[in-house]
Amino acid sequence: MDYVFPAQRQYRLAQITDCHLLPTVDQYYQQIQPAKYLQAIVAQLCLELPDAVILTGDLVQNASAASYQLLAEICQPLACPVFYLPGNHDDLQQLELLNKIAPFQAAKSLRLASWQLLLLNTKGETPSGVFGVEQQHWLQQQLKQSDATAVWLFCHHHPRPIGSSIDNHGQLDAAILWQHIFAEPRIQGIGHGHSHYAYSGQFGKVNIVGCPASSVQFLPTPEWQTIDQGPQWCDWLFNADQTVQWQFRVIDWDLND
């Protein structure tokens, strides 16, 4: 089922990813308190009033019910709809329970004027990503039914190697995913989480945008190394004229700690 936004010239969305929440606000992940970082981002978004928020996976660290309850409590002040897709750390059943709580929405197909945004589930049995037959059929069906003139995909796992240790847990079905993308010229790009690293590039004519984590970032090195650079996310502007811009954002945590 599509979530259809009212017609307007421009839509501002915020992408938040890799929150790695633990059951309580005061707990630590990689020497930071991820709940407090997410709270800071949500507080900023409450001031800026985006049209929607998209959570792109690894929302919690240990998939406990208490961690998802904390996620719901932190996001509750947002006045816009919050969409989500799973990462490898997430529990699908716990995620589905969010559908019953405002401001979360279950839709995975978002319609914004001429744009259609499709949220893919790349969670597999391991930390690596998969683009299985069910998701392949879902994407084909969505594209077949859509009269949108521009399409953007979101998923958790990065679709191309980025030269980081996270490449050990990349997208296992990348070749199949790219076959589907290149077969549909309306797809302008794909945004993802998982990399804990902000970057953008192109594969062919398709844009790839890696969203920084709201928790810690990964250094782009062969060895797994994390660094605390404050709470981060990505802002998106989807324009009715089929153009799109994105901007990586960070909160100066020293001023907020």
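Numbers here simply count residues along the sequence, with the first being 1.
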Subject >> Donor-acceptor pair between Thr24 and Asp26 side chains, under 3.5 angstrom >> reply: no
**OP:** Report yes if the side chains of Val130 and Thr122 come closer than 4.5 Å at any heavy-atom pair, otherwise no.
**Re:** no
Original post:
Can you check whether His158's main-chain N or O pairs, donor with acceptor, with His194's side chain at less than 3.5 Å?
Top reply: no
Original post:
Relative to the ring of Phe238, is the ring of Phe154 parallel (under 30°), tilted (30 to 60°) or perpendicular (over 60°)?
Top reply: perpendicular
**OP:** Please step through side chain to side chain contact (heavy atoms under 4.5 Å, CB included) for the pair Gln116 and Trp152, ending with a clear verdict.
**Re:** CA-CA 6 Å; Gln116 185 159 14; Trp152 197 278; over 6 Å; no
**OP:** Report yes or no: do Ser114 and Gln242 form a side-chain donor-acceptor pair below 3.5 Å?
**Re:** no
Original post:
Does a donor on one side chain and an acceptor on the other come within less than 3.5 Å for Trp236 and Gln15?
Top reply: yes
Original post:
Are Lys144 and Glu184 ion-paired here, with the side-chain N under 4.0 Å from a carboxylate O?
Top reply: no
Original post:
Is Leu120 close to Leu177 at the side-chain level, that is, under 4.5 Å between some pair of heavy atoms?
Top reply: yes
Subject >> Electrostatic pair Asp147-Arg111, nearest N-O below 4.0 angstrom >> reply: yes
**OP:** Give the minimum heavy-atom separation between His157 and Ser128, together with the two atoms involved.
**Re:** NE2-C, 3.4 Å
Original post:
Going by an N to O cut-off under 4.0 Å, is there a salt bridge joining Asp235 and Arg12?
Top reply: yes
Subject >> Arg186 vs Ser146 side-chain heavy atoms within contact, under 4.5 Å >> reply: yes
Original post:
Is it true that a side-chain atom of Lys123 and a backbone atom of Asp90 form a donor plus acceptor pair closer than 3.5 Å?
Top reply: yes
Original post:
Do the ring planes of His20 and His89 sit parallel (below 30°), tilted (30 to 60°) or perpendicular (above 60°)?
Top reply: perpendicular
**OP:** Return yes if a side-chain donor-acceptor contact under 3.5 Å exists between Gln135 and Asn121, otherwise no.
**Re:** no
Subject >> Aromatic contact, His192 with Tyr197 (centres under 6.0 Å) >> reply: no
Original post:
Quick one: are Phe248 and Val209 in side-chain contact, heavy atoms under 4.5 Å?
Top reply: yes
Original post:
Looking at Arg9 and Asp241, does any basic side-chain N land under 4.0 Å from a carboxylate oxygen?
Top reply: no
**OP:** On the 0 to 90° scale, with breaks at 30° and 60°, tag the Phe104-Tyr84 ring pair as parallel, tilted or perpendicular.
**Re:** perpendicular
Subject >> For the student: nearest non-hydrogen atoms of Cys80 and Pro50, plus distance >> reply: CB-O, 3.3 Å
